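Notes follow once the structure below has been shown.
In this text the structure is predicted, and so the values were computed from the model without any measurement. Residue numbers start from 1 in every chain, and the chains themselves are labelled A, B, ... in the order their sequence lines are given, proteins ahead of strands.
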Amino acid sequence: MKAAVIEKPRTAIKKASPIQKKSFIKRFNESKYLLLLFLPCFLYFVIFKYLPMFGIIISFKNYNLYKGILNSPWVGLKYYRMFFENPDSFNIIRNTILLGVYRLFWGFPAPIIFALVLNEVRNNTFKRVVQTISYLPHFISTVIIAGMVLQFTSPRNGFINVLLKNIGLQPINFMVLPQWFRTIYIGSGIWQDIGWSAIIYLAALTSINPELYEAATVDGANKWDKIWNVTLPGIAPTIITLFILNTGKVLDIGFEKVFLLYNPAIYRTADVISTYVYRIGLQNRNFSYATAINMSQSIVSLILVTSTNYLSKRLSETSLW
Amino acid sequence: MIKKGMIFTFLKVSFLLFICAITLYPFLHMIAVSFSANLPVMQGKVGLIPIGFNISAYKEVFQNKMLFTAYKNTIIYVVGRTLIGLLVTSCGAYALTKKHMLFHRFFSLMVVFTMFFSGGMIPTYLVMQKLNLIDTRWGVILINCVSVWYLLLMRTFFSSIPKDLEDSGKIDGLQDIGILWYIILPLSKAAIATIGLFYAVAMWNSFFNPFIYLNSPEKYPLQVILRQIVIANDMKAIEYAGEDAAAMPESIKYATIMVSTIPIILVYPFIQKYFVKGVMIGSVKG
């Protein structure tokens, strides 16, 4: 036993040694042009991604424009405490989580269902036409999507309310009623991305071995059996990978769409962390407090994606890293 | 059995037709309204066919000088960002395909980590302020000029090119930069076009960064002006001569939307297959 234990590291060192022999200078010389090629990329990430991370320290300081980041006084966790003790915070945290969870719950399966149905279509022309049409909204900007939503739901003459009137219902002033915001946000999101998000599943579907379907037919399986036992397991790794990615993004409710859609009348359900950070930070100029809020969100997101990844690794052997 | 199969077919075809209908209806409706007279629009009579056909809304839109400045700005930003983004991305992606590069692992981790963690809105703003990039065109172009996704996408593509080709270049005495320029890039035209389109569309549609980093209206891109026309109630910034902002007719709003979206809708059928390819390349390695 002992001998074996001692033996192992020795062989490891022997194997590793040829690489270690190459001196740093030699490796540098071999890759100097590659390093030169990577330099712009490196500078971009350092300046626009890693310097801001360094700037997070202002959330532990009382940031003052004139004193600068380094000379502003330390305040410890004051702003984090302030955020978690503020009664308004509960509301925006809840809104952010609910929007994220609903988006995952409704928005994640939608493109899978769409892809499965499209996969059952045998007529290629029809399939291609449907697909091309379904991608279209993905390329429209958030500003226009929000503008369309606001116009279409307008109680004066938006077509949704015209439709409601025509079937004998009362028009609804959607954008001032807090209870409608989540439905509108999630619904328009699905509308915009169902076709586009389905592409990756359609790609996975084409890689399923057709022999599996033949074998299933021989075994007497009907259409549903085949979808359930061949198709779904076939695209399961793709589904899991995307599920991990999307779970990591649950709290990542983008600023743009909420900001463009909401108004003070519906802050109760519409205000989320990123819009709150914008108002506290860039409108009220309370940089330290806003950064502390943002940081709390980033940490939770990081924990979420790491733990989903860990769970998925344990349960299904599919993981991002 | 035949009956059961027909129900299945009927269900799937109607589901797909329904998706197509709700996707297309809003666009066709906006086109119809933008060509209609005001009264039928206010009465909610216009569906898919214009009533009281006229082009006055478009005439008015084309007289709006702000919109043209914004159009010009958007084109500057799109061209700038796409060129810089492609240059930096392709050089960086090529370097990342070479595992023997010094610090290769460190650089890869450094790039990927930014997908999961970022400094956030305010620290980024402070960095931009320190660099004097607030309210400059360079700021808007540089802030997001490299996307981690597209960098990894391009790396995946480059590493699928057979290594023998590079070796033959090396024998002819090419260094890494020469190999990238004379061998890799000419072979990757499709990937470069795809990622260039990704960058261009993302910049065309971007609102958040120009909105928070620009202060002078003469530098605003299309999306920021569009928000003012279509969404914001405060219309003072917009010069619709003599028009009461609150009563701006739908036809003008929709005409503005159409004018700013038509470039994308027109090129979209030709470019969408490249986009699909892009997603596929990325999906191979997850």
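The heavy-atom pair separating A:Y44 from B:L142 by the smallest distance is CE1-O, 3.4 Å. Contact between B:T23 and A:P137 at its shortest, heavy atoms only, is CG2-CG, 3.4 Å. Residues B:P123 and A:P52 share a closest heavy-atom pair of CB-O, 3.1 Å. Heavy atoms only, all atoms of each residue included: B:I231 and A:A146 are closest at CD1-CB, 3.9 Å. Residues A:S141 and B:N205 share a closest heavy-atom pair of CB-OD1, 3.1 Å. For B:M110 against A:F42, the heavy-atom pair with the smallest separation is CE-CD1, 3.5 Å.
When each of B:V148, B:T124, B:T114 is scored by its heavy-atom pairs under 4.5 Å with chain A, the top score falls to B:T114. Between chain B and the residues A:L136, A:T291, A:L51, the most heavy-atom pairs under 4.5 angstrom are made by A:L136. Of the listed residues (A:L242, A:V277, A:N263, A:L282), the one with the most heavy-atom contacts under 4.5 Å to chain B is A:L282. Chain B forms more heavy-atom pairs under 4.5 Å with one residue of A:L150, A:L260, A:L302 than with any other, namely A:L260. Top candidate by heavy-atom pairs under 4.5 Å with chain B, chosen from A:K49, A:E120, A:K165, is A:E120. Contact tally against chain B (heavy-atom pairs below 4.5 Å) for A:M148, A:M53, A:Q131: the top residue is A:M53. Note: A:V121 leads A:T142, A:I58, A:V121 in heavy-atom pairs under 4.5 Å with chain B.
With a 4.5 angstrom heavy-atom cutoff, B:Q223 touches chain A via backbone and side-chain atoms both. With a threshold of 4.5 angstrom between heavy atoms, B:V88 approaches chain A through its backbone and through its side chain. Proximity to chain A (any heavy atom under 4.5 Å) is restricted, for B:Y125, to the side chain, taken from C-beta onward. Only the side chain of B:L151 comes within contact range of chain A, with heavy atoms under 4.5 Å apart. Only the side chain of B:F15 comes within contact range of chain A, with heavy atoms under 4.5 Å apart. With a 4.5 angstrom heavy-atom cutoff, A:L39 does not touch chain B via any of its atoms. Contacts of B:L133 with chain A are made by side-chain atoms alone, with heavy-atom separations under 4.5 Å and no backbone atom involved.
In this structure, A:W196 and B:F198 have perpendicular ring planes: the angle between them is above 60°, well past the 30° mark. Ring planes of B:F211 and A:F259: tilted class, angle from 30 to 60°.
Taking the side chain as every heavy atom from C-beta outward, B:L126 and A:Y63 approach each other to under 4.5 Å. Using a 4.5 Å heavy-atom threshold, the side chains of B:K98 and A:F38 count as separate.
Side chain of B:E250 to main chain of A:Q151: no donor-acceptor pair is present (N/O by atom type, distance under 3.5 Å, no hydrogens or angles).
Each of A:I140, A:I144, A:V143 was evaluated against B:I257; a single residue qualifies, A:I144, per the side-chain contact (heavy atoms from CB on, under 4.5 Å) test.
Atoms CZ and OH, from B:F208 and A:Y278 in turn, are 8.5 Å apart once rounded to the nearest 0.5 Å. Interatomic distance, A:C41 SG to B:F107 CZ, rounded to the nearest 0.5 Å: 9.5 Å. Between atom CE of residue B:M101 and atom CZ of residue A:R27 there is a gap of 10.0 Å, rounded to the nearest 0.5 Å.
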